[in-house]
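Within every chain, numbering begins at 1; the chains are lettered A, B, ... in the order of the sequence lines, protein sequences first and strands thereafter. Quick caveat: nothing in here was measured; it's all calculated off a predicted structure.
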2 protein chains.
Amino acid sequence: MTKDPYAIFSDFVARKKLKMTPQRRQILDVFLAEEGHVTSEELYQKVKRDASSIGQATVYRTLKLLADSGLAKAVEFGDGAMRYEILYGQTHHDHLICEECGVNVEVVDPAIERLQEEVARRHGFALTGHKLYLYGLCPDCQKKRAGGL
Amino acid sequence: MTKDPYAIFSDFVARKKLKMTPQRRQILDVFLAEEGHVTSEELYQKVKRDASSIGQATVYRTLKLLADSGLAKAVEFGDGAMRYEILYGQTHHDHLICEECGVNVEVVDPAIERLQEEVARRHGFALTGHKLYLYGLCPDCQKKRAGGL
DNA sequence: TTCGATGCAAAGGTTTTGCAGCGCA
DNA sequence: TGCGCTGCAAAACCTTTGCATCGAA
């Protein structure tokens, strides 16, 4: 049986000789309830709704911890800010982003994954992770553009 | 016959009804002489060596133009700053990055490229570009780690 | 009791913007 | 000649850090 996210985080915190605090618990809560890709700022706003005394810095610090623990993954979409998505219980995926409207589709292709492993091996690297962003025009924006801008 | 970078940029500038200036010419010069992945700051330092009156802002603005024109490509390695690499006359490649020492190998795999096209098409997207970063341990760092940290 | 965590505000680093003057087309 | 471009400095962002205090283990 798989451990739930809270157990994973507790274990991680204990292993690193860190401490479990109400703030961390609550940020984790809000983060898990989230879907998609949040910035620290967005998460901070939502966290503040119930616990108005939590600080920005704590959210930044906690998101880093979550990424370290393996529960979260940092992704960059090119707007200035770092975004985090849930890793727990999610199948791995990459991102297909519309350059016009910004819509973001999660995609996965096992064959690509396999080839990445192979490319790394070919160069003697031990692959630990990857980030793949595909940019293009979504069907809607293609239509709009064809239909006379 | 292929147009040289200067012609490409002139054309681009003309097409967009912009203007060719000494500053732009010079930033392009320095950029083309560069290899690897420069930040705006790095380029600014080098440009200032011969033309000490060029401003930071102009370098930022010009690098964006170069990216628009297709001569440069923006890449992010995760340190805070945006980096640009030359696209002209280079074969397309992706990046294989060592998480330990930061060494950066340029790699290419036609099969992956082809599969990306297909994934995009499967979702109705018209693919215009992509960014693939592979993270891992380079051969040297694997050895060091095996050899007792 | 100890040492990590927190909140706040200040500092840091990168990129953008406002503006008056300049100069390419 | 007009409008885009430039340099400068200020502003705008996102993120990190210093510090006194608090609190989990």
Nucleotide C/dG23, atom C1' - distance to CD of B/Gln26 in whole Å: 17 Å
What is the distance from CD1 of A/Ile27 to C1' of C/dT6, rounded to the nearest Å? 10 Å
My understanding is that only one of A/Val59, A/Thr62, A/Ile86, A/Val47 makes a side chain to side chain contact (heavy atoms under 4.5 Å, CB included) with A/Phe31; could you say which? A/Ile86
Tracing side-chain links under 4.5 Å among I, L, V, M, F, W and Y, which residues wind up in one group with B/Tyr133? B/Val75, B/Phe77, B/Ile97, B/Tyr135
Can you pull the side chain to side chain donor-acceptor pair (under 3.5 Å) pairs that have at least one residue in residues 20-35 of chain B, sequence neighbours excluded? B/Tyr6-B/Asp29, B/Gln26-B/Asp50, B/Glu34-B/Lys46
C/dG23, OP1 or OP2 - any side-chain N/O from B/Gln23 closer than 4.0 Å? no
The criterion is side-chain contact (heavy atoms from CB on, under 4.5 Å); which residues satisfy it with A/Ala33, sequence neighbours excluded? none
Residues that B/Lys48 engages under side-chain contact (heavy atoms from CB on, under 4.5 Å), provided they are two or more places apart: B/Tyr44, B/Gln45
Please write out each protein N/O paired with an N/O of nucleotides 20-24 of chain D under 3.5 Å, distance rounded to 0.1 Å.
{"residue": "D/dG23", "atom": "N2", "partner": "A/Lys19", "partner atom": "NZ", "Å": "3.0"}
{"residue": "D/dA24", "atom": "O3'", "partner": "A/Met20", "partner atom": "O", "Å": "3.2"}

Among all residues two or more places apart in sequence or in another chain, which pass the side-chain contact (heavy atoms from CB on, under 4.5 Å) test with A/Ala126? B/Leu137, B/Gln142
Apply ring pair (Phe, Tyr, Trp, His ring centres under 6.0 Å) to A/His92 and list each qualifying residue two or more places apart in sequence or on a separate chain. A/His130
Write down the protein N/O and nucleotide N/O pairs, taken from nucleotides 14-16 of chain C, whose separation is under 3.5 Å; answer none if there are no such pairs.
{"residue": "C/dT15", "atom": "OP1", "partner": "B/Met82", "partner atom": "N", "Å": "2.8"}
{"residue": "C/dT15", "atom": "OP2", "partner": "B/Tyr60", "partner atom": "OH", "Å": "2.9"}
{"residue": "C/dT16", "atom": "OP1", "partner": "B/Lys64", "partner atom": "NZ", "Å": "2.1"}
{"residue": "C/dT16", "atom": "OP2", "partner": "B/Lys64", "partner atom": "NZ", "Å": "2.9"}

Quickly work out the A/Glu42 CD to D/dC14 C1' distance and round it to whole Å. 13 Å
Whole-Å gap separating C1' (D/dC14) and CD (A/Glu76): 12 Å
Between the two end axes of the helix from C/dT1-D/dA25 to C/dA25-D/dT1, each built from 5 base pairs, what angle do you get to the nearest 10°? 40°
Output yes when B/Arg122 and B/Glu118 qualify as a salt bridge under the 4.0 Å nitrogen-oxygen rule, no when they do not. yes
Just how far, in rounded Å, is C1' of D/dC5 from CG of B/Leu63? 16 Å
Could you list all the salt bridge (charged side-chain N to carboxylate O under 4.0 Å, His left out) pairs where at least one residue sits in residues 51-79 of chain B, not counting sequence neighbours? B/Asp79-B/Arg83
Find the distance B/Ile54:CD1 to D/dC8:P and express it as a whole number of Å. 10 Å
Just to confirm, is there a sub-4.0 Å distance from OP1 or OP2 of C/dC24 to any side-chain nitrogen or oxygen of B/Arg24? no
Side-chain cluster (under 4.5 Å, hydrophobic types only) that A/Leu96 belongs to, other residues: A/Val103, A/Val105, A/Val107, A/Ile112, A/Leu115, A/Val119, A/Phe125, A/Leu127, A/Leu132, A/Leu134, B/Leu96, B/Val103, B/Val105, B/Val107, B/Ile112, B/Leu115, B/Val119, B/Phe125, B/Leu127, B/Leu132, B/Leu134
When Ile, Leu, Val, Met, Phe, Trp and Tyr are grouped by side-chain heavy atoms lying under 4.5 Å apart, directly or through other members, which residues fall in the same group as B/Leu87? none
Ranking B/Lys17 and B/Tyr44 by the position along DNA chain D of their nearest nucleotide, the one closer to 5' is B/Lys17
Integer-rounded Å distance: C/dA5 P and A/Leu66 CG: 13 Å
Output the rounded distance in Å from NZ (B/Lys16) to C1' (C/dA25). 19 Å
